[in-house]
Trainee: 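Next up is a structure, given as structure tokens.
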Amino acid sequence: MGTAAKDVIDVQQPNNLLLDKHVEYICAYENKKDDYEYVMTEYLRMSGIYWCITAMDLMGHLHKMTAEDIIKVVKKCQHECGGVSPSEGHDPHLLYTLSAVQILCTYDALDVVDVDGLVLYVSALQQEDGSFVGDMWGEVDTRFSFCALACLALLHRLDAVDVEKAIEFVLSCKNFDGGFGTKPGSESHAGQIYCCLGVLAITGRLHEVDADLLGWWLCERQLPSGGLNGRPEKLPDVCYSWWVLSSLAMIGKLHWIDRDKLVSFILASQDEETGGFADRPGDLVDPFHTLFGLAGQSLLGERKLKEINPVFCMPQEVINRLDVHVQLL
Amino acid sequence: MHGRLKVRTTAEQQELKRQERTQKLNKFQAGFNRASQKRLNKEYDKESLLITGQLLAANPDVSTLWNYRREIIQHLLDVKPKEEAQLLCSEEQEFLEACLRVNPKSYGVWHHRSWLLNKMPTPDWKTELQLCNKFLEYDERNFHCWDYRRFVVKQSGVSAEEELEFTSDKISSNFSNYSSWYYRSKLLPVVHPSPDGSGRAAEDVLLKEFQLVQNAFFTDPNDQSAWFYHRWLLGKGEQKLEVDCLYVSLDPPKIIVRLTKPVKVGSNGVALSVSVQGKQLSNVHWQNSASSSLYGSLWECSLQDHLVHGSDCQDIAVELNSSEHTQLVTCALGADQSEAKAVSSSSFCCSEMTAAKTETLTNELESCKQLEELEPNNKWALLTIVLLMRAIDPLRYQDDTSRYIEKLQDVDSVRRNYYRDLESKYKIENLLERRLHYENCVELNGIALTALYYMEYLATVSEIDFSSNKLSSLGQCCHLRCVKCLVLDDNVIVSCDGLQGLPLLEDLSLRNNNISTIEGLQPLNACAQLRKLAINGNPVTQTHDCEQLKLVIPQLSYLSH
């Protein structure tokens with residue numbers, strides 16, 4: 001009686017972590033520079049690099065990536081305005097500026113860019129109401145609030161923006177279900193929730209969240225298949241294993257989802273032949289879902305992977321090396 | 001990147017696909033390079049529009065191309081006369097609509113459209129609203145479209161009433177309405193604001209919403225959005241900032257103030273000031289009990305040198321100053337008293353309910369129970385019954401509540417840990433509702449507690465017993481500022497983190513827990529008054545002897561091992 005809930009069929013295979021295959025997959029991806037997928041995703045290349053090296057670092061195989069080449073690419077992509085573009089020939093944007101900082105932090109190579117210029121670029125994107133636009137073309141989104149604050153937190157330069165106003169704006173995006181949307185008045189979405197909680201964790205203001213209400217909304221993302229969706233009535237997706245899970249971790253409610261069922265879903269989304277993770281079992285893999293599948297596994301305690309920081313989605317040891325501290329409930 | 005099925009193909013099919021893709025790739029690269037070249041040369045002409053248009057129609061996420069296209073359009077708008085400019089914009093609108101039909105969820109397309117509408121000499125907002133209506137017909141959950149709609153509504157002055165009507169239509173005509181219910185939650189307080197200025201919607205309107213939402217979940221008991229909305233209707237409004245309890249002690253001389261919500265004293269306009277015998281104290285240093293935050297609802301300050309032993313009655317007053325209001329609370333420490341309290345008289349759980357609300361909620365409870373009879377395993381009905389019982393009369397329904405929560409752990413087992421923590425929260429709320437936290441001794445043993453809630457409310461209790469539960473973390477115990485004797489036997493505790501710095505803790509029992517490392521006991525080093533400790537039945541006793549343990553906690557006089 002009534003509409004059936006959207007979900008996928010409960011798939012049980014593969015049921016173990018295919019670490020070696022994933023290492024192979026990412027290495028191969030880096031070398032496929034003429035590949036269709038690779039070229040057509042040039043517009044997000046910087047984030048693509050961040051996904052790949054973070055995945056490799058989590059698996060303990062970062063040394064297999066060509067650090068020098070990557071660092072050179074990042075350096076080339078910083079524009080005069082201080083911001084970073086996804087690739088050469090593209091315009092700078094806050095999304096790729098964060099990815100660049102994450103990459104350089106992982107390699108401990110921040111000195112190759114003009115950090116002051118970068119900080120200036122980020123701070124100039126803050127609006128009067130505390131929000132951040134993604135670039136000079138004015139799109140406002142709480143994703144950008146996260147990008148800005150995460151960037152500055154990693155650089156120890158939060159003093160460059162009006163943090164109180166930034167918090168005020170994020171809180172104005174809080175909704176009836178305890179969640180957060182893209183802008184004030186926007187519907188709750190797990191990705192946006194991750195971003196807003198990230199801002200609050202960085203600024204020590206997690207007490208402003210109704211952790212019980214939001215935690216409940218987040219644990220309701222788990223479907224019978226074990227996978228997590230991003231909001232009600234949507235299909236499960238491995239990337240939500242990261243955004244929902246890290247959100248739960250930030251507010252101290254990680255134990256509210258069924259760990260074993262989720263692990264089973266994430267593992268079933270691996271491709272046994274090619275390596276890598278897809279959004280759900282049976283689909284095509286990509287580096288994006290590979291990182292988030294591994295990141296989710298790390299948060300769930302997978303010992304073959306390094307510990308991951310739930311706010312920055314970077315290895316905790318990198319965050320420790322940078323001496324960056326965040327609040328977690 | 002999403003929703004692409006891995007399909008098995010023959011070698012021949014793969015080769016064909018590879019060729020097709022190489023063609024696409026070359027075409028794209030050629031086009032992108034040409035566009036980049038023209039942009040470098042500052043060429044903003046028809047060809048630029050054509051090339052970027054072709055590229056973006058197939059690849060709407062390449063934001064650099066949208067940027068260039070905006071430069072082109074801006075230039076043309078600057079040089080063309082008004083009518084031509086308007087025509088250019090409407091052509092662009094058509095182009096964008098075509099893009100949306102293929103990619104209705106592209107951030108780039110929607111953002112470009114809002115940029116365009118802000119640039120148009122004479123924007124037609126009605127058309128834009130109709131566009132939103134059309135795309136919400138295709139997909140009521142398209143949040144890009146809803147966000148764009150809110151932009152159009154704001155720019156064109158569509159009233160909140162009209163939008164509320166729109167949500168009513170949407171909700172009555174189809175399922176999968178989470179976005180509409182959500183929008184409703186934003187519109188109601190605007191269209192029908194509560195006269196108390198709280199920012200919530202007026203009560204009589206909220207009560208009518210119960211009818212609306214009940215229709216929804218009776219039509220489709222698995223329609224999640226209605227149940228989520230229902231939970232919101234049951235929720236309380238924003239808590240007002242007030243002093244909930246003022247506690248004074250002579251030995252050690254200190255004040256504890258408990259507020260109704262977390263603040264940072266001395267910041268954001270929140271201040272606490274103390275007077276003893278009518279004289280305001282200067283240089284008062286307030287500290288909050290929360291270990292991981294600068295914000296808290298429990299604040300403490302020392303009254304060293306300000307309180308006198310063996311004196312007549314001493315009057316203490318604390319004033320709370322905030323942007324919300326000012327409140328003065330007084331407390332008298334009698335001549336032969338060592339401590340005193342002034343506490344709020346309001347009930348912990350239940351705000352006063354109007355007769356109308358009580359009646360509505362009672363009817364709701366009846367209806368949900370009827371639904372339960374039809375669908376005994378519908379977790380939404382079971383959970384909502386629990387929420388309704390808590391809202392109506394938590395103590396009267398406490399046994400029923402426990403039964404339902406147990407059933408929920410069975411019916412919705414994936415979320416069993418959530419239900420266990422919820423049950424723990426309710427049990428502690430019941431204790432507070434009975435005002436048992438104002439006694440000197442609190443017992444919450446053997447009730448399957450998995451989480452500690454409201455520990456700030458036990459700040460003035462000196463003997464606490466949480467034994468025989470399922471507690472794994474003591475993080476919340478940092479608020480037990482007056483506890484002298486704490487019993488935590490027979491739990492699943494791994495670490496004493498949370499107990500460090502408890503100023504009055506003398507006697508601690510942790511028998512039969514899961515402490516397996518010395519690190520787990522390290523926090524006790526910072527409990528200056530701790531003299532008695534029992535840790536029998538913990539794995540750490542297998543690997544470490546008394547002497548080793550005493551090194552970590554040298555202040556102990558008695559260790560039961």
Side-chain angles (χ1 to χ4, degrees), chain A residues 1-5 36 39-40 43-44 85 89-91 93 135 137-139 141 175-177 181-183 185-189 204-207 212-213 215-217 219-220 222 224 226 231-235 237 253 255-258 261 271 278-279 282-286 288-289 327-329, chain B residues 1-6 18 21-22 24-25 28-29 32 36 59 61-64 66-67 70 107 111 115 141 143 146-147 150 175-176 178-179 182-183 185-186 219-225 228-229 231-232 235 262 290 292-296 374-375 413-418 421-422 425 475:
Chain A
M1 177 176 161
T3 48
Y36 178 78
V39 175
M40 296 311 278
Y43 71 91
L44 52 68
S85 56
H90 287 254
D91 293 348
H93 193 283
D135 62 13
W137 296 100
E139 186 186 359
D141 190 316
N175 295 323
F176 80 121
D177 45 24
T182 55
K183 296 179 245 295
S186 297
E187 184 186 334
S188 300
H189 179 286
R205 301 286 282 267
L206 283 171
H207 69 277
D212 286 339
L213 185 63
W216 175 62
W217 189 92
C219 79
E220 282 291 343
Q222 187 160 35
R231 51 187 178 131
E233 322 268 38
K234 292 282 173 174
L235 287 171
D237 184 327
K253 311 292 186 196
H255 60 291
W256 283 2
I257 52 108
D258 183 317
K261 293 212 84 173
D271 187 319
D279 55 352
D283 277 0
L284 292 169
V285 301
D286 59 57
F288 174 83
H289 290 97
Q327 179 193 23
L328 297 175
L329 291 184
Chain B
M1 274 193 302
H2 288 89
R4 298 173 313 159
L5 197 59
K6 176 171 175 168
R18 199 193 60 79
R21 287 185 140 194
T22 308
K24 266 196 193 164
L25 192 156
F28 178 83
Q29 276 184 315
F32 188 84
S36 302
N59 312 278
D61 295 324
V62 184
S63 51
T64 300
W66 285 116
N67 298 348
R70 281 187 276 271
Y107 285 99
H111 174 242
W115 176 88
R141 302 301 301 287
F143 67 80
W146 281 106
D147 285 354
R150 282 179 274 264
F175 303 132
S176 189
Y178 198 94
S179 306
Y182 161 69
Y183 195 21
S185 77
K186 291 289 182 190
T219 309
D220 178 11
N222 291 313
D223 178 9
Q224 290 177 37
S225 43
F228 275 100
Y229 192 76
R231 185 162 191 169
W232 172 69
S292 70
S293 177
L294 296 174
Y295 288 74
L374 296 170
E375 299 208 348
S413 62
V414 140
R415 277 164 279 273
R416 59 197 174 281
N417 288 337
Y418 166 70
D421 280 5
L422 188 66
K425 186 176 186 184

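In the text below, chain A, chain B and the rest are named by the order of the sequence lines, each starting its count at 1.
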Trainee: For the OG1 atom of A/Thr182 and the CZ atom of B/Arg150, what is their distance to the nearest 0.5 Å?
Mentor: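 That separation rounds to 7.5 Å.
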Trainee: Spell out, as yes or no, whether a donor-acceptor pair under 3.5 Å connects the side chain of B/Arg231 to the backbone of A/Leu213.
Mentor: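 Side chain of B/Arg231 to backbone of A/Leu213, a donor-acceptor pair under 3.5 Å: no, none is there.
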Trainee: Go through the atoms of B/Phe32 and report whether side chain, backbone, both or neither lie under 4.5 Å from a heavy atom of chain A.
Mentor: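 Side chain of B/Phe32 only, per the 4.5 Å heavy-atom cut-off to chain A.
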Trainee: Parallel, tilted or perpendicular: which describes the rings of A/Phe176 and B/Tyr182, with under 30° parallel and over 60° perpendicular?
Mentor: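 Tilted, since the angle between the ring planes falls between 30° and 60°.
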Trainee: What part of A/Asp283 lies closer than 4.5 angstrom to a heavy atom of chain B: side chain, backbone, both or neither?
Mentor: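 Both backbone and side chain.
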Trainee: Of all of A/Ser186, A/Ala278, A/Gly204, which one pairs up most often with chain B through heavy atoms under 4.5 Å apart?
Mentor: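 Of the options given, most contacts go to A/Ser186.
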Trainee: Name the member of A/Arg205, A/Lys183, A/Lys261 that forms the most heavy-atom pairs with chain B at distances under 4.5 Å.
Mentor: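 Among the listed options, the one with the most contacts to chain B is A/Arg205.
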Trainee: Identify which one of A/Asp271, A/Asp286, A/Asp279 satisfies the salt bridge (charged side-chain N to carboxylate O under 4.0 Å, His left out) criterion when paired with B/Lys6.
Mentor: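 Checked A/Asp271, A/Asp286, A/Asp279 against B/Lys6; only one passes salt bridge (charged side-chain N to carboxylate O under 4.0 Å, His left out): A/Asp271.
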Trainee: With a 4.5 angstrom heavy-atom cut-off, which part of B/Arg21 approaches chain A: side chain, backbone, both or neither?
Mentor: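 Both parts, heavy atoms under 4.5 Å.
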Trainee: Let me know if B/Ser185 has heavy atoms under 4.5 Å from chain A in its side chain, its backbone, both or neither.
Mentor: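 Answer is side chain: those atoms of B/Ser185 sit under 4.5 Å from chain A.
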Trainee: For residues B/Arg415 and A/Gln222, report the shortest heavy-atom separation together with the two atoms involved.
Mentor: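 Looking at all heavy atoms of both residues, the closest pair is NH1-O, 3.0 Å.
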Trainee: What part of B/His2 gets within 4.5 angstrom of chain A, counting heavy atoms only: side chain, backbone, both, or neither?
Mentor: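 For B/His2, backbone and side chain are both near chain A.
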Trainee: So which of B/Phe143, B/Trp115, B/Tyr107 has the largest heavy-atom pair count under 4.5 angstrom toward chain A?
Mentor: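 Option with the greatest count: B/Tyr107.
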Trainee: Under 4.0 Å between a side-chain nitrogen and a carboxylate oxygen: does that hold for A/Asp258 and B/Arg416?
Mentor: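 B/Arg416 and A/Asp258: salt-bridged.
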Trainee: Go through B/Ser293, B/Ser179, B/Gly235 and name the one with the most non-hydrogen pairs under 4.5 angstrom from chain A.
Mentor: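 Option with the greatest count: B/Ser179.
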Trainee: What part of A/Glu139 lies closer than 4.5 angstrom to a heavy atom of chain B: side chain, backbone, both or neither?
Mentor: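 Interface part for A/Glu139: both.
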Trainee: Chain B: which of A/Gly282, A/Gly89, A/Pro232 shares the most heavy-atom pairs with it under 4.5 Å?
Mentor: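 Option with the greatest count: A/Pro232.
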Trainee: Distance check, rounded to the nearest 0.5 Å: B/Gln224 atom CD versus A/Glu233 atom CD?
Mentor: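 It is 4.5 Å, given to the nearest 0.5 Å.
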Trainee: Should the ring pair A/His207 and B/Tyr295 be called parallel, tilted or perpendicular, given that the plane angle runs from 0 to 90° and is split at 30 and 60?
Mentor: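 Correct class here is parallel.
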Trainee: Could you tell me which portion of A/Leu328 (side chain, backbone, both or neither) has an atom closer than 4.5 angstrom to a non-hydrogen atom of chain B?
Mentor: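 Just the backbone, heavy atoms under 4.5 Å.
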Trainee: For the residue pair A/Glu187 and B/Arg141, what are the closest heavy atoms and their distance?
Mentor: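 Shortest heavy-atom contact: OE2-NH2, 2.9 Å.
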Trainee: Heavy atoms only, distances under 4.5 angstrom: which of B/Asn67, B/Asp147, B/Leu294 has the most pairs with chain A? Name it, please.
Mentor: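 Maximum pair count with chain A is reached by B/Asn67.
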Trainee: When heavy-atom pairs shorter than 4.5 Å are enumerated against chain B, which of A/Asp237, A/Asn175, A/Asp135 gives the highest number?
Mentor: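 Of the options given, most contacts go to A/Asn175.
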Trainee: Starting at CG of B/Leu422, measure out to CH2 of A/Trp256 and round the result to the nearest 0.5 Å.
Mentor: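 Rounded to the nearest 0.5 Å, the CG-CH2 separation comes out at 7.5 Å.
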Trainee: Is it the side chain or the backbone of A/Leu284 that comes within 4.5 Å of chain B heavy atoms, both, or neither?
Mentor: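 Contact with chain B involves both backbone and side-chain atoms of A/Leu284.
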Trainee: Quick check for you: among B/Pro262, B/Ser225, B/Ser36, which has the greatest number of heavy-atom pairs under 4.5 Å with chain A?
Mentor: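 Highest number of heavy-atom pairs under 4.5 Å: B/Pro262.
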Trainee: Nearest 0.5 Å, please: how far is CH2 in B/Trp66 from OH in A/Tyr43?
Mentor: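 Nearest 0.5 Å value for the OH-CH2 distance: 13.5 Å.
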Trainee: Taking it one step at a time, do B/Val62 and A/His90 satisfy side chain to side chain contact (heavy atoms under 4.5 Å, CB included)?
Mentor: CA-CA 9 Å; B/Val62 184; A/His90 287 254; 3.9 Å; yes
Trainee: I need the residue from A/Lys253, A/His255, A/Glu220, A/His189 with the largest number of non-hydrogen atom pairs under 4.5 Å to chain B.
Mentor: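 Heavy-atom pairs under 4.5 Å are most numerous for A/Glu220.
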Trainee: Considering only heavy atoms and a distance below 4.5 Å, find which of A/Trp217, A/Phe288, A/Trp137 pairs most often with chain B.
Mentor: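 Highest number of pairs under 4.5 Å: A/Trp137.
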